[in-house]
2 protein chains.
Amino acid sequence: MSVTIKDIAKLAGVSHTTVSRALNDSPLINPETKERIKAIAGSMNYTPNYSARSLVLDRSYNLGLFFTTLHTGTSAGFLYEAIKGVNDVIKDDYNLIVRGIDDYKSFHKVNRKNFDGIIVMSQSESDQSFIEYASDKEIPLVVLNRPVESVQVMNFVPDDQSGAYRLTEYLVQQGHRHIAIIEGKQGFKSTQARRDGYREALREHGISVPEAYYASGNYDLESGHAAMSKLLELPDRPTAVFCCNDDMALGAVKAVTERGLSVPEDISVAGFDDHLFSAFMSPALTTVRRPIEELSRAGAETLLKFIETKHSEKSLVLFHTELVIRDSVKSI
Amino acid sequence: MSVTIKDIAKLAGVSHTTVSRALNDSPLINPETKERIKAIAGSMNYTPNYSARSLVLDRSYNLGLFFTTLHTGTSAGFLYEAIKGVNDVIKDDYNLIVRGIDDYKSFHKVNRKNFDGIIVMSQSESDQSFIEYASDKEIPLVVLNRPVESVQVMNFVPDDQSGAYRLTEYLVQQGHRHIAIIEGKQGFKSTQARRDGYREALREHGISVPEAYYASGNYDLESGHAAMSKLLELPDRPTAVFCCNDDMALGAVKAVTERGLSVPEDISVAGFDDHLFSAFMSPALTTVRRPIEELSRAGAETLLKFIETKHSEKSLVLFHTELVIRDSVKSI
DNA sequence: CATAGAAATGCACACGTTAACAATGCTATT
DNA sequence: AATAGCATTGTTAACGTGTGCATTTCTATG
């Protein structure tokens with residue numbers, strides 16, 4: 001059996017209440033007894049029983065970090081940065097529970113008793129029901145990466161539109177006038193934001209885009225390959241292609257090389273996300289970095305603050321994205 | 001307030017004991033009452049209070065998945081596959097807590113009360129003390145990825161040596177006779193195993209290796225770049241280089257291209273690990289796949305079984321690695 | 001018909017912690 | 001000297017669940 005506050009109490013010749021107070025730094029306790037008790041607790045190698053504490057305090061000390069899915073579509077780097085960011089913030093006294101939303105057969109066990117707070121790293125609208133469920137159960141909730149409209153939550157999102165804008169503007173500055181886009185998955189907020197940024201930049205520079213330059217994709221590698229293949233067959237071939245994420249950019253580059261052409265000599269390619277591999281492809285990919293780790297860190301901090309103070313701004317906060325210039329875009 | 005078994009008891013006109021037994025499928029309870037109570041519980045949207053249950057049952061329903069570090073050295077793919085593998089196995093009633101060992105200021109809160117079991121994805125000997133600590137506290141423990149000798153634990157490890165052997169043999173089969181190696185971090189078990197596999201294959205084929213062909217590295221990208229740079233300056237330049245992981249292979253390829261040479265035309269390169277990006281580099285990397293996800297799945301399964309039956313083989317199990325042939329090795 | 005035994009249910013306590021309230025001793029103020 | 005008030009500690013109950021033992025009810029057997 002492990003040691004409890006009652007054991008300490010016996011040894012110290014006080015009541016277990018006094019021990020509890022002493023260990024929790026209650027101002028009610030005489031500083032001397034407090035020290036004495038702490039010393040005894042230390043020497044007995046005492047560790048509090050969290051279950052008992054949770055029961056009476058009605059707090060689990062669990063934080064949930066939920067992803068849309070862990071199976072497909074979630075990039076490893078994404079998971080990595082998110083976990084790192086959150087773990088950096090929470091102290092030793094919280095447990096970080098990582099789960100894919102689609103792994104739950106039922107949300108039954110997700111409730112305020114089991115989770116002091118929840119961070120949803122949302123990648124698609126499919127977890128809308130989960131978000132609404134958690135919000136409904138009044139579990140402290142912050143949603144990252146994707147703007148949520150149906151319910152009021154703390155919501156931290158990278159500013160995809162301005163990232164796409166700056167990237168496109170950069171392409172223009174490098175002398176490109178024929179700039180195509182390979183789009184993300186239809187229906188995703190991120191797809192729209194990136195397209196909007198692209199459009200806005202071109203419009204402001206007085207560049208019009210032929211219909212054929214809008215190539216459809218779905219964020220995966222193969223779709224990037226297919227889309228680029230089509231673009232290359234165009235009579236009026238673009239000199240630069242903005243791929244809405246790095247995965248598709250990788251597929252696109254592959255399509256170019258397969259045709260015996262080269263990036264960036266024959267055609268420039270840019271991506272979005274700054275995946276881990278992007279710096280090491282050849283050519284190293286010019287892209288836009290999304291601050292996933294910062295996002296997660298900020299999310300965790302806000303969540304903790306909310307748990308403690310019980311109030312916070314439930315509003316959308318945009319996070320700065322950053323243009324990363326490498327070697328896949330040629331100046332012409 | 002949320003609903004408890006006492007609320008159900010009141011509504012059903014029985015004692016809370018009966019409710020508890022009914023919900024736990026005790027054979028003591030009349031099947032009809034059992035059904036009735038379950039129905040009521042369902043309609044009231046009852047969820048058990050895990051803290052209370054934990055307190056009396058002395059089980060936390062928490063499983064820990066611990067990495068050596070989450071900061072540097074842990075590849076994202078590694079983390080991803082491990083989490084996926086474990087999460088695939090545990091049912092809805094366990095929480096998976098993910099943490100970097102070096103994030104703990106003190107292991108104090110790691111004990112049998114807080115964790116029903118622990119999986120350590122060990123990447124270096126620096127977590128030896130953690131493993132011994134957990135073993136000492138008699139927390140059900142399985143260590144993955146790295147062989148542990150100082151204590152008896154369930155230990156699942158990829159067979160790096162045979163993987164390195166097969167890869168090297170493949171290089172020989174492709175006609176290579178001048179095969180260099182870029183080694184991993186000194187002191188790591190994996191470094192030694194891979195070097196051993198490499199040596200063994202060459203010895204068995206009667207190929208001797210000049211001292212200069214042993215290039216030192218430390219598993220990171222830059223070290224691969226540096227090591228390859230040296231190898232390329234050798235008067236007796238190798239025709240193939242076995243890099244002890246994919247990260248270093250990537251750096252090595254970069255070093256080759258920077259010199260205006262090309263892989264695999266001028267020099268063949270092979271890696272180890274089968275990182276996510278490896279299939280998409282150009283050229284796609286020939287490498288050895290380590291079954292991290294299988295490892296994790298098996299580890300989780302064994303751990304759960306141990307938790308339930310309280311006994312299991314505490315021994316080392318090697319997992320099959322797999323040669324993945326792509327485009328970075330030329331037949332000469 | 002009496003009774004042994006099985007089946008079903010309830011009572012009371014335990015798990016380890018916190019907290020409201022009570023109690024004690026002491027100091028300072030009148 | 002009486003008392004108000006503060007500092008410190010103790011008493012007791014509570015959180016929600018599971019379980020050993022007692023109790024009741026029913027069934028079968030002689």
Side-chain angles (χ1 to χ4, degrees), chain A residues 1-38 40-41 44-62 93 95 108-109 111-116 308, chain B residues 1-38 40-41 44-62 93 95 108-109 111-116 308:
Chain A
M1 250 7 261
S2 45
V3 17
T4 73
I5 53 171
K6 291 188 181 174
D7 301 326
I8 301 176
K10 213 169 288 172
L11 215 70
V14 296
S15 75
H16 74 276
T17 310
T18 303
V19 175
S20 170
R21 291 204 182 102
L23 296 180
N24 287 322
D25 260 334
S26 157
L28 292 176
I29 300 295
N30 185 323
E32 289 163 26
T33 21
K34 198 185 278 186
E35 281 319 306
R36 195 164 57 87
I37 290 175
K38 281 187 178 177
I40 296 179
M44 293 181 80
N45 225 329
Y46 167 78
T47 51
N49 183 317
Y50 275 73
S51 303
R53 183 182 280 179
S54 294
L55 181 57
V56 55
L57 290 186
D58 205 33
R59 301 192 42 192
S60 62
Y61 298 97
N62 287 338
D93 34 39
N95 293 319
H108 225 202
K109 270 137 196 163
N111 53 43
R112 207 146 89 261
K113 287 261 189 293
N114 290 205
F115 292 95
D116 287 353
E308 278 154 26
Chain B
M1 252 4 263
S2 47
V3 15
T4 74
I5 53 171
K6 291 187 181 175
D7 301 326
I8 301 176
K10 214 169 289 172
L11 215 71
V14 296
S15 75
H16 78 275
T17 309
T18 303
V19 175
S20 170
R21 293 205 179 99
L23 295 180
N24 287 322
D25 261 334
S26 157
L28 292 175
I29 301 294
N30 185 323
E32 289 163 26
T33 20
K34 200 184 279 188
E35 281 318 308
R36 195 165 57 88
I37 290 175
K38 281 187 179 177
I40 296 179
M44 292 181 81
N45 225 327
Y46 168 78
T47 51
N49 183 317
Y50 274 74
S51 304
R53 183 182 280 179
S54 295
L55 181 58
V56 55
L57 292 185
D58 205 33
R59 299 190 47 190
S60 62
Y61 299 98
N62 287 338
D93 35 37
N95 292 320
H108 225 201
K109 271 136 197 166
N111 53 42
R112 207 147 90 264
K113 287 259 189 296
N114 290 203
F115 291 96
D116 288 353
E308 277 154 27

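The CG atom of Asp58(B) sits 15 Å away from the C1' atom of dT19(D) (whole-angstrom rounding). Going from atom CZ of Arg59(A) over to atom P of dT17(C) covers 17 Å, rounded to whole Å. Distance, Ile5(B) CD1 to dT9(C) P: 16 Å, rounded to whole Å.
Contacts with DNA chain C (heavy atom under 4.0 Å) in residues 21-30 of chain B: Arg21(B), Leu28(B), Ile29(B), Asn30(B), listed by number. The stretch residues 11-19 of chain B comes close to DNA chain D through His16(B), Thr17(B), each having a heavy atom under 4.0 Å from the strand.
Among the heavy atoms of the strands, none lies under 4.0 Å from Tyr50(A).
Sorted by first then second residue, the side chain to side chain donor-acceptor pair (under 3.5 Å) pairs that include residues 13-22 of chain B, not counting sequence neighbours, are Ser15(B)-Thr18(B).
Here the side chains of Leu23(B) and Val19(B) are in contact, with some heavy-atom distance below 4.5 Å. Residues Tyr46(B) and Ile5(B) are in side-chain contact: their nearest non-hydrogen atoms beyond the backbone lie under 4.5 Å apart. At least one side-chain heavy atom of Arg36(A) sits under 4.5 Å from a side-chain heavy atom of Val14(A).
Nearest heavy atom pair, residue Arg53(A) against residue Asn24(A), reads NH2-OD1, 4.0 Å.
Every salt bridge (Lys or Arg N to Asp or Glu O under 4.0 Å) that Lys38(A) has, sequence neighbours left out, goes to Asp25(A). Take Asn114(B) and apply the side-chain hydrogen bond (donor to acceptor under 3.5 Å, both in side chains) test, not counting sequence neighbours, and it matches Asn111(B).
Proximity of Ser20(B) to the phosphate of dT17(D): no side-chain N or O atom is located under 4.0 Å from OP1 or OP2. In this model, the phosphate group of dG16(D) is not approached by any side-chain N or O of Arg53(B) to a distance below 4.0 Å at OP1 or OP2.
Here the OH atom belonging to Tyr61(A) is positioned 11.5 Å from the OG atom belonging to Ser51(A), to the nearest 0.5 angstrom. Between the OG atom in Ser2(A) and the CZ atom in Arg112(B) there is a gap of 8.0 Å [rounded to 0.5 Å].
The overall bend of the helix from dC1(C)-dG30(D) to dT30(C)-dA1(D), read as the angle between its terminal helix axes built from five base pairs each, is 60° when rounded to 10 degrees.
Heavy-atom nearest nucleotides on DNA chain C were determined for Thr33(B) and for Thr47(A), and the one closer to the 5' end corresponds to Thr33(B).
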